[in-house]
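Letters A, B, ... are given to chains in the order of the sequence lines, protein chains preceding strands, and every chain is numbered from 1. Given the structure is predicted, the values throughout are model-derived calculations rather than measurements.
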There are 2 protein chains.
Amino acid sequence: MEAREKIFQAADRLFSVNGFDATTTREIAEASNTNKALIHYHFTSKRGLYQAILDRYFDNLSETLQGVLVKNGATGDRLAAVIEAYVNFLANNRSYALIVQREITGGAGRERIIEHMIHNFQMIITALRDAYPESDYRNIDAEQLLISFYGMIITYFTYSDVIERLLKSDPLSRANLAKRKEHVLMMADAVLKAAG
Amino acid sequence: MEAREKIFQAADRLFSVNGFDATTTREIAEASNTNKALIHYHFTSKRGLYQAILDRYFDNLSETLQGVLVKNGATGDRLAAVIEAYVNFLANNRSYALIVQREITGGAGRERIIEHMIHNFQMIITALRDAYPESDYRNIDAEQLLISFYGMIITYFTYSDVIERLLKSDPLSRANLAKRKEHVLMMADAVLKAAG
DNA sequence: ATCTATGTTGACCGCCCGGTTAATGTGATA
DNA sequence: TATCACATTAACCGGGCGGTCAACATAGAT
């Protein structure tokens with residue numbers, strides 16, 4: 001693997017575990033078996049490297065969501081599809097939830113992340129609203145619903161160490177992930193039934 | 001106000017906005033109109049100050065939850081009471097959500113926070129389980145339910161800047177907080193009805 | 001074989017951080 | 001008013017940080 005990619009992957013791991021400030025360029029260089037100066041050569045600065053990591057995640061996530069949302073279907077189906085996609089994305093990109101959650105609570109790159117977030121959220125809200133005639137689900141506030149399901153999902157990943165001790169088994173195991181997905185889908189079903 | 005308390009409050013604000021690492025003792029001293037060395041005199045170290053802040057929050061939260069959970073009642077009522085208490089606590093202690101959320105994703109004081117968290121969570125789970133005979137709600141997994149509602153609630157506060165741009169109004173205004181509370185309570189109602 | 005663009009290295013720099021210390025201020029007690 | 005414990009201050013310190021740079025390695029093109 002080339003140095004650039006080795007740095008990228010080591011940094012992704014270190015940033016997600018320890019955060020931006022607590023990760024030093026010396027650590028990244030050591031963990032990737034490269035040289036500290038190469039970080040600046042390939043990414044201009046420590047921040048530039050961080051941004052590159054964030055950008056890659058957001059590109060992947062946006063693409064994933066767009067792929068799911070183009071399909072038509074009833075409200076329940078669309079909501080279920082988004083839930084599926086989000087859970088799968090977080091399960092397959094475990095650094096993402098940690099980095100985003102930490103950044104949104106006050107990192108220096110906050111504004112950029114918020115922009116991406118708003119974009120994705122509005123895309124989802126529009127898709128949900130378009131799915132049903134005004135008469136149905138008129139009691140459901142799409143924004144509130146989105147916040148709720150987003151919170152349900154991402155919290156499971158950012159709190160995985162707490163949850164591990166609650167469940168007394170690995171929350172990120174295949175079986176437990178399936179259980180979580182099932183639970184969230186059940187919640188979606190329940191709220192749509194209650195309001196429909 | 002004495003220096004100790006001035007430092008405490010300035011630090012609470014700065015830590016919650018910028019995080020532990022990005023906040024310097026010099027900033028804290030300046031913001032509190034005191035002297036940098038006083039931080040070490042009153043709190044031993046920067047970390048000690050941080051711990052003192054965390055400890056105060058956790059004491060308050062534990063007390064609040066215990067006050068709510070001693071009351072008897074049906075499952076729905078207990079869940080509603082916890083939701084109420086949590087939303088009110090987060091609304092009245094706005095630094096708390098930011099600090100905890102950032103810390104749980106990888107701060108140095110993580111272990112201690114997890115301990116508190118587990119304790120509170122188990123207290124809530126026990127109270128919920130005790131509320132209903134095994135036969136009812138047997139399809140609801142109390143742990144999953146807790147994670148879901150906790151996530152719904154705390155995300156609203158940690159993502160308040162994102163939500164502000166979604167709602168185009170202040171998420172922490174009295175009216176919007178009431179709306180959020182109502183939504184979460186509606187979700188609780190829906191899921192209990194669906195499973196009951 | 002030579003040139004050139006790209007990649008890589010270790011040594012170095014200045015800054016700012018958390019923490020320490022010795023001197024000084026302050027106010028209750030006797 | 002002398003005492004004494006506690007509170008406050010400015011100056012200082014060593015260390016580790018992000019970033020820079022001049023020298024060197026490598027390999028494809030000519």
Any side-chain heavy atom of A:Met123 sitting closer than 4.5 Å to one from A:Leu65? yes
CD (A:Gln51) and OG1 (A:Thr44) are apart, to the nearest 0.5 Å, by 11.5 Å
Among A:Leu98, A:Leu177, A:Ile163, find the one that has a side chain to side chain contact (heavy atoms under 4.5 Å, CB included) with A:Phe157. A:Leu177
Mind checking the CZ-CZ spacing from A:Phe20 to A:Arg47? Nearest 0.5 Å is all I need. 4.0 Å
Length of the CD-C1' vector between B:Glu2 and D:dC6, whole Å: 13 Å
Which heavy atom of B:Ser62 sits nearest to which heavy atom of B:Asn120, and what is that distance? OG-OD1, 3.3 Å
Phosphate oxygens OP1/OP2 of D:dT8: is one of them under 4.0 Å from a side-chain N or O of B:His42? yes
Give a yes or no on whether a salt bridge exists between A:Arg56 and A:Glu5, defined as a side-chain N under 4.0 angstrom from a carboxylate O. yes
Could you give the start and end, 5' to 3', of the contact zone on DNA chain C for chain A, using atoms under 4.0 Å from its heavy atoms? C:dT6 to C:dG10
Pairs under 3.5 Å (Watson-Crick or G-U), crossing ones as [ ], inter-strand ones as |: DNA chain C comes out as ||||||||||||||||||||||||||||||
Any side-chain heavy-atom pair from B:Leu172 and B:Glu164 closer than 4.5 angstrom? no
Could you note down all residue pairs passing side-chain hydrogen bond (donor to acceptor under 3.5 Å, both in side chains) where residues 13-23 of chain A supplies at least one of them, sequence neighbours left out? A:Ser16-A:Ser95
Whole angstroms only, please: what is the CD1-P distance between B:Ile39 and D:dT8? 13 Å
What string of B, S and - do you get for nucleotides 9-25 of chain D, 5' to 3', if B is base contact, S is sugar-phosphate-only contact and - is no contact with any protein heavy atom under 4.0 Å? BB------BBBBB----
Please collect all ring pair (Phe, Tyr, Trp, His ring centres under 6.0 Å) contacts where either partner lies in residues 63-110 of chain A, sequence neighbours excluded, each pair once. A:Tyr57-A:Tyr96, A:Phe58-A:Tyr96, A:Tyr86-A:Tyr150, A:Phe89-A:Tyr96
Under the salt bridge (Lys or Arg N to Asp or Glu O under 4.0 Å) test, which residues partner A:Asp77, sequence neighbours left out? none
